[in-house]
There are 2 protein chains.
Amino acid sequence: MVNKAEWTTSTAIWSTRVSLARMDNKWTAMVVIALGRGARRFGELRTKVEGISAKVLTETLRSLERDGLVVRHVHAEMPPRVEYELTELGRTLHAPLQAIGRWAEEHAEEVLTARAAYDTGR
Amino acid sequence: MVNKAEWTTSTAIWSTRVSLARMDNKWTAMVVIALGRGARRFGELRTKVEGISAKVLTETLRSLERDGLVVRHVHAEMPPRVEYELTELGRTLHAPLQAIGRWAEEHAEEVLTARAAYDTGR
DNA sequence: CAGTATCCTTGCGGATACTG
DNA sequence: CAGTATCCGCAAGGATACTG
């Protein structure tokens, strides 16, 4: 969609849009990946996405809901049960994000090595 | 590489690794995308990645260099010319990141619409 | 041109306590 | 269980001025 020529002149546009992809939030990507992999309940997400606090998870889910990437299902029970689900739109984002996750898995070692070399060397 | 079963038990590992993918830095993804698309000089990146300050661009490039994703070429000239280039490793990250960028391009409208609906509705 | 050097503000997000 | 409500520290990163 964006060719070389367009790219040359429409920088402002996509810089805004990439931020729309929510790269700005530290946790968003991981929450979406977790949801795509089948985690649904609040507590489930809380443990899957290791290190996230309840407060931040709530905020993250709310903003994903606001952006139409996630739907929230509240079951009127006691104790309460709430399930989150990726929307159609959310699922389209899941694939590319998962690719990033996979990249991290596969190249973590290399990054660590490079980092150590950089720190030792100079 | 990570199947459903592994995923269930190895959460801690990949949460660390995803952060290694540098999702934490607000600008990293955009800098890598810009580099992959051919931007090379400091000033060029500065204008392509709209809104980034010189300070932050420098820091971002340094950390990418440290992680072995980018190499820095200094040309001993006056005025100085410095070119940045994705390494082999950096190029492997470029593809998935570009996919995210493309997603943002394609779905920005939907997100904006959902957001407006959410804000108006409730 | 390609950075450094400082200063300073903002807000992310951690910790903790409480509730329907 | 699934959140809210507060309080608050700290570091990301913006603004500005200067340099090899």
Side-chain angles (χ1 to χ4, degrees), chain A residues 11-12 15-16 18-32 34-35 38-67 70-86 118 122, chain B residues 11-12 15-16 18-32 34-35 38-67 70-86 118 122:
Chain A
T11 311
S15 66
T16 318
V18 168
S19 68
L20 274 177
R22 323 304 322 288
M23 305 296 287
D24 55 322
N25 183 316
K26 180 178 175 181
W27 299 104
T28 308
M30 280 168 48
V31 171
V32 172
L35 279 169
R40 312 192 132 251
R41 302 190 59 176
F42 187 86
E44 207 175 347
L45 289 167
R46 196 153 157 38
T47 60
K48 290 296 182 197
V49 183
E50 223 227 349
I52 196 169
S53 68
K55 179 196 159 194
V56 173
L57 178 55
T58 303
E59 290 170 354
T60 304
L61 287 168
R62 287 288 179 283
S63 92
L64 285 171
E65 196 189 352
R66 185 166 104 102
D67 288 356
V70 159
V71 266
R72 187 166 179 263
H73 303 287
V74 183
H75 301 267
E77 305 171 1
M78 258 316 253
R81 185 162 58 94
V82 180
E83 298 196 318
Y84 295 89
E85 186 187 6
L86 289 179
Y118 185 95
R122 280 126 297 175
Chain B
T11 312
S15 66
T16 319
V18 168
S19 68
L20 274 177
R22 323 304 321 289
M23 305 296 287
D24 53 322
N25 183 317
K26 182 177 173 182
W27 298 103
T28 308
M30 281 169 45
V31 171
V32 172
L35 278 168
R40 312 193 130 250
R41 302 191 56 176
F42 187 86
E44 206 175 346
L45 289 167
R46 195 153 157 40
T47 61
K48 290 297 182 196
V49 182
E50 224 228 346
I52 196 170
S53 69
K55 179 196 160 195
V56 174
L57 179 54
T58 303
E59 289 169 353
T60 304
L61 287 168
R62 288 287 180 282
S63 92
L64 285 171
E65 196 190 351
R66 184 166 105 103
D67 288 357
V70 158
V71 265
R72 187 165 178 264
H73 303 286
V74 184
H75 300 266
E77 305 171 3
M78 258 317 255
R81 184 162 59 93
V82 180
E83 297 196 318
Y84 294 89
E85 186 187 5
L86 288 179
Y118 186 95
R122 280 126 298 175

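Proteins get letters first, then strands, A, B, ... in listed order; numbering begins at 1 in each. Values below: every heavy atom of this structure, side chains too, minus hydrogens, waters and symmetry copies.
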B:V49 side chain reached by B:L57 side chain, heavy atoms, under 4.5 Å: no
Phosphate OP1/OP2 of C:dG3: any B:R72 side-chain N/O under 4.0 Å: yes
Residue pair B:R72 / B:Y84, side-chain donor-acceptor N/O under 3.5 Å: yes
B:N25 CG - D:dA11 P separation (whole Å): 15 Å
Interatomic distance, B:H75 NE2 vs C:dA2 P [rounded to whole Å]: 10 Å
Atom-pair distance (NE2 on A:H73; C1' on D:dA2), nearest Å: 16 Å
Complement of D:dC10, any strand, by Watson-Crick or G-U distances under 3.5 angstrom: C:dG11
Whole-Å gap separating P (D:dC1) and CG (A:L61): 17 Å
Residue whose closest nucleotide on DNA chain D lies nearer the 5' end, B:T60 versus A:V82: A:V82
N/O (side chain, B:R62) to phosphate O (OP1/OP2, C:dT4) under 4.0 Å: yes
Short side-chain N/O contact from B:R41 to OP1 or OP2 of C:dA2, under 4.0 Å: yes
Gap between atoms CZ and P, on A:R46 and D:dG3 respectively (whole Å): 11 Å
Length of the CD-C1' vector between A:E44 and D:dA2, whole Å: 13 Å
Short side-chain N/O contact from B:R81 to OP1 or OP2 of C:dA2, under 4.0 Å: no
Per-nucleotide protein contact string for nucleotides 14-20 of chain C (B base, S sugar-phosphate only, - none; heavy atom under 4.0 Å): BB----B
A:V31 and A:V70, any side-chain heavy atoms less than 4.5 Å apart: no
Pairing partner of D:dT19 (Watson-Crick or G-U wobble, both distances under 3.5 Å): C:dA2
